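First comes the structure, then the notes that go with it.
Nothing here was measured: the structure is a model prediction, and the numbers come from that model.
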Amino acid sequence: QVHVSESGGGSVQAGGSLKLSCEVSERIRGCIAWFRQAPGKQREDVARISTTNTYPSYRNSLKGRFSVSYDEAKKTNYLQMTMLKPEDTATYFCAAASWGYNYCSSESSQSDFRYWGQGTQVTVSA
């Protein structure tokens, strides 16, 4: 059973930065994605990347501010968030899909990701 664990959340003022980490318990071949959910809103895509650090994709509104990467040796995905805004406040979830080959598609739905973390809270104050 693959386990996924997020860390790095916290509180920051608008304009600040945070770096989230997502550690995967075993080596997989597939895709690691970040989603977020604000209170009263649906969970939405943030970014995703393959387990060979290829095929990155981002939510359009986050391009230029967020950067995703994957360290194969550490089995850890990173989400670097910069120029944070109050509307970025949400619980951020990491999810992994292990489909046997290193690929990530922005077309994959949330249901394609079998393994999910518990989430880490990000709060951005004005």
Hey, is Asp45 close enough to Arg36 for a salt bridge, meaning N to O under 4.0 Å?
no
In short, Val122 meets Gly9 closest at the heavy-atom pair CG2-CA, 4.2 Å
Any side-chain heavy atom of Leu62 within less than 4.5 Å of one from Asp88?
yes
Under 4.5 Å between side-chain heavy atoms, hopping through other hydrophobics if needed: is there a path connecting Val12 to Trp34?
yes
Single-linkage hydrophobic cluster, 4.5 Å side-chain cutoff, Met83 and Val46 together
no
Is the distance between the ring centroids of Phe35 and Tyr92 under 6.0 Å?
no
Look up atom CG in Asn53 and atom CG in Asp71, then write down how far apart they are to the nearest 0.5 Å.
8.0 Å
Are Leu20 and Phe113 connected into the same hydrophobic cluster when the rule is that any two of I, L, V, M, F, W, Y join if their side-chain heavy atoms are below 4.5 Å apart?
no
Would you find a donor on one side and an acceptor on the other, under 3.5 Å apart, between the side chain of Arg114 and the backbone of Ala97?
no
Determine whether more than 12 heavy atoms belonging to other residues, nucleotides or ligands lie under 6.0 Å from atom CD of Gln42.
no
side-chain contact (heavy atoms from CB on, under 4.5 Å) between Ser21 and Tyr78: does it pass, once the steps are laid out?
CA-CA 5 Å; Ser21 299; Tyr78 300 100; 3.5 Å; yes
When rounded to the nearest 0.5 Å, the distance separating CD of Glu72 from CD1 of Ile28 is 11.0 Å
Locate the shortest heavy-atom distance separating Thr91 from Gly119; write the atom from each residue and the value.
CG2-CA, 3.9 Å
What is the minimum heavy-atom distance between Ser106 and Ser57, and which atoms define it?
CB-OG, 3.9 Å
Shared hydrophobic cluster for Ile32 and Val2 (ILVMFWY, side-chain gaps under 4.5 Å)
yes
I'd like to know if Ile49 and Tyr115 are part of one continuous hydrophobic network [Ile/Leu/Val/Met/Phe/Trp/Tyr, side-chain heavy atoms within less than 4.5 Å].
yes
Could you go through the side-chain contact (heavy atoms from CB on, under 4.5 Å) check for Gln37 and Phe93 one step at a time?
CA-CA 8 Å; Gln37 187 168 21; Phe93 297 92; 4.2 Å; yes
Cation-aromatic face contact Arg43/Trp116, 6.0 Å, 45 degrees
yes
Grab the two heavy atoms, one from Gln80 and one from Ser17, that are nearest each other, plus how far apart they are.
NE2-CB, 4.0 Å
Working note: Ser61 + Phe66, criterion side-chain contact (heavy atoms from CB on, under 4.5 Å); need CA distance, chi angles, decisive distance, verdict.
CA-CA 10 Å; Ser61 60; Phe66 287 20; over 6 Å; no
How far does OG1 of Thr54 sit from OH of Tyr70, to the nearest 0.5 angstrom?
11.5 Å
Flag if over 12 foreign heavy atoms under 6.0 Å of CD, Gln13:
no
Can you tell me if Glu6 uses its side chain to pair, donor with acceptor, with the backbone of Gln118 under 3.5 Å?
yes
What are the two closest heavy atoms between Asn102 and Ser50, and how far apart are they?
C-CB, 4.1 Å
Rounded to the nearest 0.5 Å, the OG atom of Ser69 sits from the NZ atom of Lys19 at a distance of 6.0 Å
Is atom CD of Glu23 surrounded by more than 12 heavy atoms (other residues, nucleotides or ligands) closer than 6.0 Å?
no
Before you tell me yes or no, could you show the steps for Cys22 and Val4 under side-chain contact (heavy atoms from CB on, under 4.5 Å), namely the whole-Å CA-CA distance, both residues' side-chain angles and the distance that decides it to 0.1 Å?
CA-CA 7 Å; Cys22 170; Val4 174; 3.3 Å; yes
In short, Tyr58 meets Val68 closest at the heavy-atom pair OH-N, 2.9 Å
For the backbone of His3 and the side chain of Ser25, can you confirm whether one donor and one acceptor N or O come within less than 3.5 Å of each other?
yes
Got a donor-acceptor contact below 3.5 angstrom from the Thr89 side chain to the Thr123 backbone?
no
Taking only Lys NZ, Arg NE, NH1 and NH2, and the carboxylate oxygens of Asp or Glu, determine whether Glu44 and Arg59 approach each other closer than 4.0 Å.
yes
